[in-house]
Structures are given as C-alpha cells and as structure tokens.
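In the text below, chain A, chain B and the rest are named by the order of the sequence lines, each starting its count at 1.
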2 protein chains.
Amino acid sequence: MTSRKTASFQDVRDEVIERIQTRVWPQGTLLPTELELAEEFGCARATVNRALRELADRGVVQRKRKGGTRVARRPTKQARLAIAVVRRTVEEMGAAYRYALVSRDLVPCPAWLGSRLQIDEGSRVMHLRCMHYADNRPFQFEERWINTAAVPRVLEEDFATIGPNEWLLEEVPFSDAELFLSAVPASGQLPEFLNVAPGAPLFRMERSTWFRGQPVTFVQMTFQQGYQMRASY
Amino acid sequence: MTSRKTASFQDVRDEVIERIQTRVWPQGTLLPTELELAEEFGCARATVNRALRELADRGVVQRKRKGGTRVARRPTKQARLAIAVVRRTVEEMGAAYRYALVSRDLVPCPAWLGSRLQIDEGSRVMHLRCMHYADNRPFQFEERWINTAAVPRVLEEDFATIGPNEWLLEEVPFSDAELFLSAVPASGQLPEFLNVAPGAPLFRMERSTWFRGQPVTFVQMTFQQGYQMRASY
DNA sequence: CAGTGGTCTAGACCACGGT
DNA sequence: CCGTGGTCTAGACCACTGG
C-alpha cells in the first residue's frame with residue numbers, strides 16, 4: 001500500500017525526488033498536475049504546491065503556468081555557502097581569535113573603486129587594512145573601503161578594537177552583496193602580513209555590499225595559505 | 001495610510017525587511033506573533049507565515065515555537081553559488097568549448113579516497129583526467145574518481161567525446177554533494193596542462209558526490225589562472 | 001480561451017518548548 | 001500548561017501562457 005494516513009508536504013516532496021532519482025520520471029518529464037498529485041497522495045493541492053515549489057527553488061523541477069511542472073534537464077546546482085564573520089570562523093576552528101588594525105586612512109575614492117561600486121569619484125572613502133589571527137598565527141588579511149556617504153559614522157570609529165566587518169554588521173545589517181572567489185599570488189605586503197613565501201597561492205574572497213541600493217563597502221579578504229571554503233547542496 | 005487593499009506575502013516580507021533595515025526592529029528584537037501581524041496587515045495568518053518562513057530560510061530571522069520570531073543577531077549569510085557544467089560556464093563566457101580526455105584507468109581505490117568517500121578499499125574506481133578548453137585555451141583541468149560499484153555502467157563508457165561531468169549528470173542526476181574551494185599552486189602536470197608557470201596560484205573546486213547515501217564520485221577541478229567564481233546574497 | 005500554477009483565506013489541529 | 005509557530009484543508013480567485 002502506498003497510502004499513508006496523511007501525506008505531508010515533505011512526504012510528497014520526498015516521493016517526487018524518489019521518482020526522479022529512480023527514473024520513474026526521467027529528466028524532462030512532464031509531471032502530473034498539482035490536482036492529480038493531490039488526489040494520488042490524498043492531500044490538498046496546497047500541500048502538493050508547497051512540495052513542488054520547494055523543489056523548484058532547488059532547481060530540481062521547472063514550473064510554468066499552463067505549461068506544467070517538468071523535471072529539470074540541466075540542473076544548475078545551487079550550492080549554499082555559509083559566510084560567517086571571521087571571528088566565528090576562527091573560533092569554530094577551535095582557535096583563539098585576535099584582531100589588529102594595520103592602517104586607517106580617509107582618501108578620495110579611487111577610480112577603480114568608483115566604477116566598481118558606482119560611487120561618485122569626488123567622494124571620500126575610508127580605507128582600512130586589518131589582520132585577523134588564529135592562535136596568534138596570521139589567518140586573514142583584510143583590505144576594505146567604506147563609502148563615507150553611506151555610513152557617515154565611520155568617521156568617528158577608530159577600529160582599534162573592533163574589526164570593520166563586525167562594526168558594519170551592527171551598523172548596516174542585512175545588506176545585499178556580490179561575492180567573487182579567486183586564487184591570487186602573495187604579492188605586495190601579503191607575504192609579510194601572512195608570513196608566507198612571495199608568490200604563494202592564496203584564497204581570496206572579494207565582496208561588494210549595498211544597502212537599499214546604496215554602495216556601502218568593498219572588501220578583499222585574503223586567507224592564509226591552505227585555507228579551504230566549504231559549501232554543499 | 002499604510003493599508004493596502006490586499007497584503008500579499010511579498011508585501012509582508014518586504015515590510016518586515018524594511019522595519020529591520022530601518023531599525024524599527026533592531027537585531028534581537030522579538031517580532032509580534034503571526035496572528036498580530038496578520039491583523040496589522042489585514043491578511044490571513046498563513047500569509048504572514050509564508051513571509052516569515054522565507055525570511056527564516058534566508059537567515060534574517062530566527063523562529064521558535066512558543067519562543068516567537070526574533071531578528072537574527074549574527075546573520076550567517078547564505079550565499080548562493082550557481083554551479084553549472086563546465087561546458088556552459090565556457091559558453092556563457094562567449095567562448096567555444098572543447099573537451100579532451102587525457103587518461104582513463106581502472107584502479108584499486110586509493111586509501112585517501114576510500115576514507116574520503118567511505119568506499120571499501122578493496123573496490124575498483126575509474127580514474128579519469130580531462131581537459132576543458134575555451135577557444136582552444138586551457139580552461140580547466142579535471143581529475144576524477146568514480147565508484148564503479150555505484151555506477152557500473154562507467155566501465156562501458158570510454159569518455160572519448162563526452163566529459164564525465166555531463167555523463168554523470170545523465171546517469172546519476174540530482175545527487176548530493178559537498179564542495180571545497182581553495183587556492184593551490186600549479187604543481188605536477190598542471191603547469192603543462194594549463195600552460196602556466198610552475199607555482200602559479202590556481203583556483204580549485206573539489207566535490208564529493210553521493211547518490212541516495214552511496215558514494216559516487218570525487219573530483220578536483222583546477223581552473224586556469226585568473227578564474228573567478230561568483231556568488232551573491 | 002482554457003488549463004496550469006500562484007496565491008490567499010478562514011479555520012483547524014498538532015508539536016514543541018518556555019513558564 | 002498553554003502560547004507560539006508548523007502544517008494541513010477545502011475552496012476560491014487570479015495571472016500567465018500554450019494551443
């Protein structure tokens with residue numbers, strides 16, 4: 001008997017996944033309508049809807065009005081990347097976290113930054129360089145530019161004890177961001193700051209942040225050699 | 001008047017975001033109950049529920065039965081990383097894609113792989129090395145191990161014209177995976193294959209894949225120097 | 001234009017977990 | 001215990017889009 005007393009949306013979701021994985025519904029197949037599935041599972045259409053909506057979010061199926069629901073052909077996987085504050089990253093490794101400010105300057109917005117964040121070139125930005133340590137070993141070098149027009153209070157903060165990352169999280173929480181991940185050679189002052197050989201391959205995360213459409217900050221976070229970032233789907 | 005004729009779940013969701021961003025509800029604040037919000041917005045509780053559930057998924061709020069809904073304190077951002085097949089990555093750059101098989105060997109499962117994927121060490125795995133080109137320039141070097149026990153048909157495939165990535169997507173779609181991103185130096189045969197200087201910093205993505213709990217494949221994808229991966233939230 | 005998903009409602013019961 | 005979110009239902013109307 002396939003009948004359960006009550007089919008929850010999770011039951012429906014899992015059963016649909018099951019049928020896709022076991023090729024009952026191969027890629028590209030048109031699924032039955034919500035109403036038909038609701039009848040088959042003995043539940044309300046809303047229940048089926050929620051199950052299928054979740055699968056559509058994950059990219060497992062594609063849905064169109066009037067067109068129905070199809071098993072996705074080329075699943076563009078959506079991996080989830082959990083980004084925490086450096087402090088927590090370090091502490092979750094079981095290491096002691098330490099922060100140090102390297103430099104803090106108020107400068108005119110460089111052209112490359114202006115075009116990148118869409119800031120007027122005339123305006124002033126706060127340029128910060130900081131180090132983050134794990135058990136007193138260099139863990140991450142952070143270089144950041146903050147749009148003073150978006151966050152005027154940055155002028156009053158000296159960042160001696162709190163990192164700009166955590167400060168901004170208090171000041172401008174829940175912003176939007178764009179991330180770029182790459183591998184860069186240890187050049188400039190990086191070998192010195194991170195205590196690695198010049199040219200060593202380093203993992204870098206760049207992030208541009210906007211708050212309600214206004215550019216807030218651009219940051220380069222360069223990690224100690226050997227750092228790995230984890231994601232899953 | 002803040003009253004709209006009908007408040008959709010998106011209206012509720014956006015208004016809640018608005019209040020969080022404008023500090024009407026600072027971090028840690030306990031929100032009104034679903035019922036109270038439903039009254040305020042003049043909609044059903046289910047509508048509020050869906051709005052708040054979505055925000056909880058994003059990590060903007062935290063919800064507990066009896067405990068109510070709170071604005072998240074330390075927003076562990078969930079960035080979404082769209083992972084497509086190499087072919088599409090290349091084609092979306094506007095370049096011509098080309099694939100080439102470098103080597104294909106059936107080998108006993110190495111110990112490190114066995115422990116990594118939880119494969120019995122006695123079993124045999126298919127070891128593949130491939131190149132992916134963009135406009136005839138080396139774009140990605142792929143080194144992959146496939147669990148023959150999980151995908152026996154791999155023994156009949158010669159991978160002369162189709163890459164293992166795309167083949168596996170047909171064979172074992174919708175699997176689970178764990179990703180690791182890192183920076184590695186161009187060593188071994190990488191300088192040769194990718195046409196870069198030895199020691200050059202390269203972006204690498206490693207992926208372990210399971211299908212219904214069974215280990216399927218482990219792959220190292222090493223990208224051409226300068227490659228950046230994009231994500232957003 | 002007609003079928004499909006998208007959404008909303010009013011009500012109900014349940015499950016978890018603080019008090 | 002009992003308030004809160006978690007879920008389900010039966011029904012309704014709407015919006016998009018394929019034929």
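Between Tyr227(B) and Phe203(B), the ring-plane angle classifies as tilted under the 30° and 60° cut-offs.
Counting to the nearest Å, the P atom of dG6(D) and the CZ atom of Arg53(B) are 8 Å from each other. Rounded to an integer number of Å, the gap from CZ of Arg70(B) to P of dG5(D) is 11 Å. Following rounding to the nearest Å, Arg45(A) (CZ) and dT9(C) (P) show an atom-to-atom distance of 16 Å. As rounded to whole Å, 14 Å separates atom P of dT9(C) from atom CG of Leu37(B). For the pair Arg50(B) CZ and dC8(C) P, the computed distance is 7 Å after rounding to whole Å. Going from atom CG of Asp11(A) over to atom P of dT9(D) covers 11 Å, rounded to whole Å. We find that CD of Glu39(A) is positioned 12 Å from P of dT4(C), with the value rounded to whole Å. Distance Leu35(A) CG to dG6(C) P: 14 Å, rounded to the nearest Å.
Residues meeting the ring pair (Phe, Tyr, Trp, His ring centres under 6.0 Å) test with Trp25(A), sequence neighbours left out: none.
Residue Ile162(B) comes nearest to Tyr99(B) through the heavy atom pair O-OH, 3.5 Å, listed as atom of the first residue, atom of the second, then distance. In this structure, Thr148(A) and Val154(A) approach most closely via the heavy-atom pair CG2-CG1, 3.9 Å.
Taking a cutoff of 4.0 Å between a charged side-chain nitrogen and a carboxylate oxygen, Arg88(A) and Glu166(A) do not qualify as a salt bridge.
Each of Ala46(A) and Glu34(B) lies near DNA chain D, and the nucleotide nearest Glu34(B) is the one positioned closer to the 5' end.
Residue Cys130(B) forms a side-chain contact (heavy atoms from CB on, under 4.5 Å) with just one option from Glu143(B), Glu142(B), Arg144(B), and that option is Glu142(B).
For Thr69(A) and dT4(C), the shortest distance from a side-chain N or O to OP1 or OP2 is not below 4.0 Å. Remark: Thr47(B) is not in phosphate contact with dT7(C), judged by side-chain N or O atoms under 4.0 Å from OP1 or OP2. Contact annotation: Gln10(B) side-chain N/O to dG6(C) OP1/OP2 distance is not under 4.0 Å. Residue Asn49(B) places no side-chain N or O under 4.0 Å from the OP1 or OP2 atom of dG5(D). Note on Thr33(B): every side-chain N or O is 4.0 Å or more away from OP1 and OP2 of dG3(D). Taking 4.0 angstrom as the limit, Arg63(A) places a side-chain polar atom (N or O) nearer than this to OP1 or OP2 of dG6(C).
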Close N or O pairs between protein and nucleotides 15-19 of chain C (under 3.5 Å):
from    : atom 1 : to       : atom 2 : distance (Å)
dA15(C) : N3     : Arg65(B) : NE     : 3.3

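A distance of 14.0 Å separates CZ in Phe218(B) from CG in Asn147(B), rounded to the nearest 0.5 Å.
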